[in-house]
Student: 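I have a structure here, written as structure tokens, and I will follow up with some questions on it.
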Amino acid sequence: MHNNNADLKNVRVRFAPSPTGSLHLGNTRTAIFNWLFARHTGGKFILRIEDTDKERSTPESVNVIMESLKWLGLDWDEGPDAGGDFGPYYQMQRLDKYKKYIDILIKRNMAYPCFCAPERLAEMRHQMQKQKLPPRYDGKCKNLSKEEIECLTSQGIKHVLRFRVPYTGVTEFNDLVHGKICIDNSVLDDFVIVKSNAGPTYNFACVVDDIEMKITHIIRGDDHISNTPKQIAIYKALCCNSPEFAHIPLILGHDKAKLSKRHGAASPLEYRDMGYLPQVLVNFLTLLGWAPGDNREIMSGDELIESFSIEKINDRNAVFDSQKLDWMNGVYIRKMPLEELVDIALEELKKAELIKDTEEVDVNKISKIVGLIQERLKKFSEIPQLINYFFDKPVYEEKPVRKFLKKDGVSQMLQELCKVIEEEEPFDIETLESAVREFIEKKGLKPGDVIHPIRVALTGRAASPPIFDVMEILGKQTCLKRIRRFCIY
RNA sequence: GGCCCCAUCGUCUAGUGGACCAGGACACAUGGUUCUCAACCAUGUAACAGGGGUUCAAUUCCCCUUGGGGCUACCA
């Protein structure tokens, strides 16, 4: 029945999102696991668009999904815009293929038309739940005669096609993550395989495509476990081997519910826009439900590919922890070549209108500034806010101003300090620091008594990179101007 | 309600009967460094859900309870 688990020679896995919105982190990780598995085994990673939901599927969503995967570096070997021998890769373009299998099922009496109205079905389910019974189709149309079918059809009553599931016995399969899973067939439902609009449903189209596309391993979320027996039943009815199944745990939000759009920013593209690195997202998401087993956490794509295996996927749901994501992004940023970070910073600064598009930028100066905040960064979107005082007048925060500048004697002290600063030449870190420290000593003050007020005067806030570095970049005139503002109290 | 999956620090995890008074990471706390913040270093707080078995020995195997999650559509 099953393929040989050990046979990893011709692995073919697919990521099959439905284009009904943007990708969220749960789907994204499913894509990552499939991709890692394909790359680890030297197999093929296939992208298939499951657009059978006509009402909700949109081309925009397809674009977002593809853009997300591309940004993350998850390249597919077959799929829309990549081609392949098993296309088309949009389900709505594969209707003729489904037709072929539907005919087989009808011929074998494994499928039957059902004319029941949705209202009746809803009521039926409701009643069954009330009676503490598993909700399943009651079989009203199960044994309609040819004449009855013709009669109902001629009246123009819409119908769906239901699959005749086995009502006895047990469906058992070996899940690569969970081990043996058994489901009693008595809880299975004669589910719909063709809708009244003649479109295939997920559980049917998915099986047909996986057969036709020669998929060897289905790696998907835990939430599909309950679909699996139904799909296995179709494989059986079609006399086809089922692929291996690996149901990976779900990613949960902080409320411990399955991650969904409700949990705020959820799509990879949104993370991109917030200033996260794609490698970080891949690294972090892979670690949600999988671990190499040797305490490594920061891992490159190649290392992940090298170490990845389905056996090491764990079977517990994981809560998404954005704090740890931030930490990891910070680690990657610190390791990043400065020039690369400067390019990103330039973009952020333009976005924040701290520098103009047309402006000739002093890259040397910018890279000095960016160098000062590299180790302080968690995500790129923080850049403008962190260094705005280099480009604009500082925004003075009330608290530090009160604490460090509006204190007795401070303005007097700053006035004297300005005289010292004024004479400094060259205006660089070393000269500045020794002069200011000499000043501090001469006045019998503590370093903080002078440095804190300078910081607030120059940056507007209580925390900044080392102040002499800041002063050097700001230049003498700007420093004097900003400090003198506080000499008149 | 029915069925399924799961159960180690707050969070992500290591652990597959003895090497575990349970290891790593994030977060948190304290100290060091220091002009602040960050980074870095050191230290610390913190977990095997509960109850039964099996075994010479259970975090590890089995059962029950409890708890959490998922599915229960002419969505995927």
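Below, read A as the first sequence line, B as the second, and so on, with proteins coming before strands; counting in each chain starts at 1.
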Student: Look at A/Lys54 and B/C75 and indicate whether a side-chain polar atom (N or O) is within less than 4.0 Å of OP1 or OP2.
Tutor: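 No, because none of the side-chain N or O atoms of A/Lys54 sits under 4.0 Å from OP1 or OP2 of B/C75.
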Student: Among the nucleotides B/A14, B/G2, B/A76, which one has an atom lying closest to any side-chain atom of A/Asn203?
Tutor: B/A76
Student: Measure from CG on A/Asp315 to P on B/C5 and round the result to the nearest Å.
Tutor: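 Spelled out: CG on A/Asp315 to P on B/C5 is 11 Å.
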Student: Do A/Arg48's NZ or CZ and the ring of A/Phe15 fall within the cation-pi criteria of under 6.0 Å and 45°?
Tutor: no
Student: Counting heavy atoms from C-beta on, name the nucleotide in B/C74, B/U36, B/C4 closest to the side chain of A/Val192.
Tutor: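 Per side-chain heavy atoms of A/Val192, the pick is B/C74.
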Student: Quick test of your reading of the model: are A/Asp138 and A/Arg120 salt-bridged, counting only N-O distances below 4.0 Å?
Tutor: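 Yes, charged N to carboxylate O under 4.0 Å.
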Student: B/C21 and B/U33: how far apart are their C1' atoms, nearest whole angstrom?
Tutor: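 Here B/C21 and B/U33 have their C1' atoms 35 Å from each other.
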Student: Does A/Arg296 put a side-chain nitrogen or oxygen below 4.0 Å from OP1 or OP2 of B/A14?
Tutor: no
Student: A/Arg56 or A/Glu375: which one's nearest nucleotide on RNA chain B is closer to the 5' end?
Tutor: A/Glu375
Student: Taking atom C1' in both B/A46 and B/U30, compute the distance separating them and give it to the nearest angstrom.
Tutor: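 Pairwise C1' distance, B/A46 against B/U30, rounds to 15 Å.
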Student: Expressed as a whole number of Å, how far does the C1' atom of B/A14 sit from that of B/U8?
Tutor: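 Rounded to whole Å, the distance is 10 Å.
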Student: Under 3.5 Å for both donor-acceptor distances, Watson-Crick or wobble: does B/C28 have a partner, and if so which one?
Tutor: B/G44
Student: Restricting to salt bridge (Lys or Arg N to Asp or Glu O under 4.0 Å), what partner residues turn up for A/Asp392, sequence neighbours left out?
Tutor: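 For A/Asp392 there are no salt bridge (Lys or Arg N to Asp or Glu O under 4.0 Å) partners, ignoring immediate neighbours.
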Student: Measure CD1/A/Ile451 against C1'/B/C35 and give the value in whole Å, please.
Tutor: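 About 4 Å, once rounded to whole Å.
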Student: Is it true that A/Phe468 and A/Phe427 have ring centroids separated by less than 6.0 Å?
Tutor: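 No, ring centres 6.0 Å or more apart.
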Student: Of the options A/Tyr271, A/Trp327, A/Phe320, which is the one that meets A/Phe284 in a ring pair (Phe, Tyr, Trp, His ring centres under 6.0 Å)?
Tutor: A/Phe320
Student: Produce a footprint string for nucleotides 20-31 of chain B: one letter per nucleotide, 5' end first; B if the base is under 4.0 Å from any protein heavy atom, S if only the sugar-phosphate is, - if neither.
Tutor: ---BBBSS----
Student: Using Watson-Crick or G-U wobble geometry with both distances below 3.5 Å, tell me the partner of B/C9, or none.
Tutor: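 B/C9 is unpaired by these criteria.
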Student: Determine the interatomic distance between P on B/U60 and the same-named atom on B/A7; round to the nearest Å.
Tutor: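 To the nearest whole Å, 11 Å.
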Student: Output the single nucleotide from B/C74, B/C4, B/G70 whose closest atom is nearest the side chain of A/Ile183.
Tutor: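 Between B/C74, B/C4, B/G70, the one nearest the side chain of A/Ile183 would be B/C4.
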Student: Looking at every strand, decide which applies to A/Pro229 at a 4.0 Å heavy-atom threshold: base, sugar-phosphate, or nothing.
Tutor: nothing
Student: What interatomic distance, in whole Å, is found between C1' of B/A73 and the corresponding atom of B/C48?
Tutor: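 The same atom, C1', in both gives a distance of 40 Å.
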Student: Can a side chain N or O of A/Lys195 be found less than 4.0 Å away from OP1 or OP2 on B/A76?
Tutor: yes
Student: Can you figure out which of B/U8, B/C5, B/A14 approaches the side chain of A/Asn314 most closely?
Tutor: B/A14
Student: If I pick the C1' atom on B/U43 and the same atom on B/C62, what distance separates them, to the nearest angstrom?
Tutor: 42 Å
Student: Considering only atom P, compute the distance from B/A39 to B/C28 and round it to an integer number of Å.
Tutor: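 About 9 Å, rounded to a whole number of Å.
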Student: In terms of side-chain heavy atoms of A/Ala257, which of B/G70, B/C35, B/G1 is nearest?
Tutor: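 Of B/G70, B/C35, B/G1, B/G70 is nearest to the side chain of A/Ala257.
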Student: Where does the angle between the aromatic ring planes of A/Phe33 and A/Phe308 fall among parallel (under 30°), tilted (30 to 60°) and perpendicular (over 60°)?
Tutor: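 Correct class here is tilted.
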Student: Check this for me: does the side-chain of A/Asn227 come within 3.5 Å of the base of B/A76 through a donor and an acceptor?
Tutor: yes
Student: Relative to A/Tyr332, does A/Lys335 satisfy both conditions: NZ or CZ under 6.0 angstrom from the six-membered ring centre, and within 45 degrees of the ring's axis?
Tutor: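 That pair qualifies as a cation-pi contact.
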Student: Counting only side-chain heavy atoms from C-beta out, which of B/A76, B/C5, B/G1 sits nearest to A/Gln129?
Tutor: B/G1
Student: Please state whether the phosphate of B/C74, meaning OP1 or OP2, lies under 4.0 angstrom from any side-chain nitrogen or oxygen of A/Arg125.
Tutor: yes
Student: Whole Å only: how far is the CG atom of A/Leu341 from the P atom of B/A38?
Tutor: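 Those two atoms, CG and P, are 19 Å apart.
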Student: Tell me what A/Arg334 touches on the nucleic acid: a base, only sugar-phosphate, or nothing, going by heavy atoms under 4.0 Å.
Tutor: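 Counting heavy atoms under 4.0 Å across all strands, the contact made by A/Arg334 is with sugar-phosphate only.
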Student: Hey, does the Lys NZ or Arg CZ of A/Lys379 hover above the aromatic six-ring of A/Tyr276, less than 6.0 Å from the centre and inside 45° of the axis?
Tutor: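 Ring-cation test returns no.
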Student: Can you tell me the pairing partner of B/A76 across any strand shown, Watson-Crick or G-U wobble, with both distances under 3.5 angstrom?
Tutor: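 Checking every strand shown, B/A76 finds no partner, since no pair has both distances under 3.5 Å.
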Student: What contact category does A/Gly289 fall into here, base, sugar-phosphate, or nothing, at under 4.0 angstrom with non-hydrogen atoms?
Tutor: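 Result for A/Gly289 = sugar-phosphate.
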Student: So does A/Lys158 have more than 12 non-hydrogen atoms from other groups sitting under 6.0 Å from NZ?
Tutor: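 No.
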Student: Does a nitrogen or oxygen in the side chain of A/Lys256 sit under 4.0 Å from OP1 or OP2 of B/G67?
Tutor: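 No, A/Lys256 has no side-chain N/O under 4.0 Å of OP1/OP2 on B/G67.
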Student: Work out how far the P atom of B/C9 is from that of B/C5, and round it to whole angstrom.
Tutor: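 Approximately 22 Å lies between the P atom of B/C9 and that of B/C5.
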Student: Looking at B/C74, does its base get a donor-acceptor pair with the side chain of A/Ser196 below 3.5 Å?
Tutor: yes
Student: Indicate, with a heavy-atom threshold strictly under 4.0 Å, whether A/Ile467 touches base, sugar-phosphate, or nothing.
Tutor: base
Student: Under a 3.5 Å limit for both distances, which nucleotide forms a Watson-Crick or G-U wobble pair with B/C35, could you say?
Tutor: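 In the structure as shown, B/C35 has no Watson-Crick or wobble partner.
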Student: From OH of A/Tyr389 over to P of B/U36, roughly how many Å is that when rounded to an integer?
Tutor: 15 Å
Student: With a non-hydrogen cut-off below 4.0 angstrom, is A/Ala291 in contact with a base, only sugar-phosphate, or nothing?
Tutor: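 The answer is sugar-phosphate, as A/Ala291 gets under 4.0 Å only of primed atoms, P, OP1 or OP2.
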Student: Which part of the nucleic acid, if any, lies within contact of A/Pro118, taking any heavy atom under 4.0 Å across all strands shown: a base, the sugar-phosphate backbone alone, or nothing?
Tutor: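 Counting heavy atoms under 4.0 Å across all strands, the contact made by A/Pro118 includes a base.
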Student: Students often get this wrong, so: under 4.0 angstrom with heavy atoms, is A/Val319 touching a base, only sugar-phosphate, or nothing?
Tutor: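 Sugar-phosphate contact only - A/Val319 comes under 4.0 Å of backbone atoms but never of a base.
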Student: Measure from the side-chain heavy atoms of A/Pro466 and tell me the nearest of B/C74, B/C35, B/C5.
Tutor: B/C35
Student: With a 4.5 Å heavy-atom cut-off, do A/Glu397 and A/Lys403 have their side chains touching?
Tutor: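 Answer no - side chains too far apart.
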Student: Rounded off to whole Å, could you give me the CD1-to-P distance for the A/Ile313 and B/C12 pair?
Tutor: 17 Å
Student: Select base, sugar-phosphate, or nothing to describe what A/His254 touches, counting heavy atoms under 4.0 Å on all strands.
Tutor: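 The answer is nothing, as A/His254 stays clear of every strand by at least 4.0 Å.
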Student: Whole angstroms only, please: what is the CG-P distance between A/Leu372 and B/U34?
Tutor: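 Result: 19 Å.
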Student: For B/C61, what is the paired nucleotide under Watson-Crick or G-U wobble rules, both distances under 3.5 Å?
Tutor: B/G53
Student: Does A/Thr431 offer a backbone N or O that forms a donor-acceptor pair with the side chain of A/Ser434 under 3.5 Å?
Tutor: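 Pair found, side chain donor or acceptor close to backbone of A/Thr431.
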Student: Given atom CE of A/Met328 and atom P of B/A39, what is their separation to the nearest angstrom?
Tutor: 15 Å
Student: Please confirm whether the shortest side-chain N or O distance from A/Thr52 to OP1 or OP2 of B/A76 is below 4.0 Å.
Tutor: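 Yes, within the criterion.
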Student: For A/Phe173 together with A/Phe245, are the ring centres under 6.0 Å from each other?
Tutor: yes
Student: Please tell me if A/Arg136 has a side-chain N or O lying less than 4.0 Å from either OP1 or OP2 of B/C3.
Tutor: no
Student: To the nearest angstrom, how far is A/Ile333 atom CD1 from B/A38 atom P?
Tutor: 16 Å
Student: Across all strands shown, which nucleotide pairs with B/C3 by Watson-Crick or G-U wobble geometry, both distances under 3.5 Å?
Tutor: B/G70
Student: Heavy-atom nearest nucleotide on RNA chain B for A/Met128 versus A/Leu252: which residue maps closer to 5'?
Tutor: A/Met128
Student: Could you tell me whether A/Cys114 contacts a base, only the sugar-phosphate backbone, or nothing, with contacts defined as non-hydrogen atoms closer than 4.0 Å?
Tutor: nothing
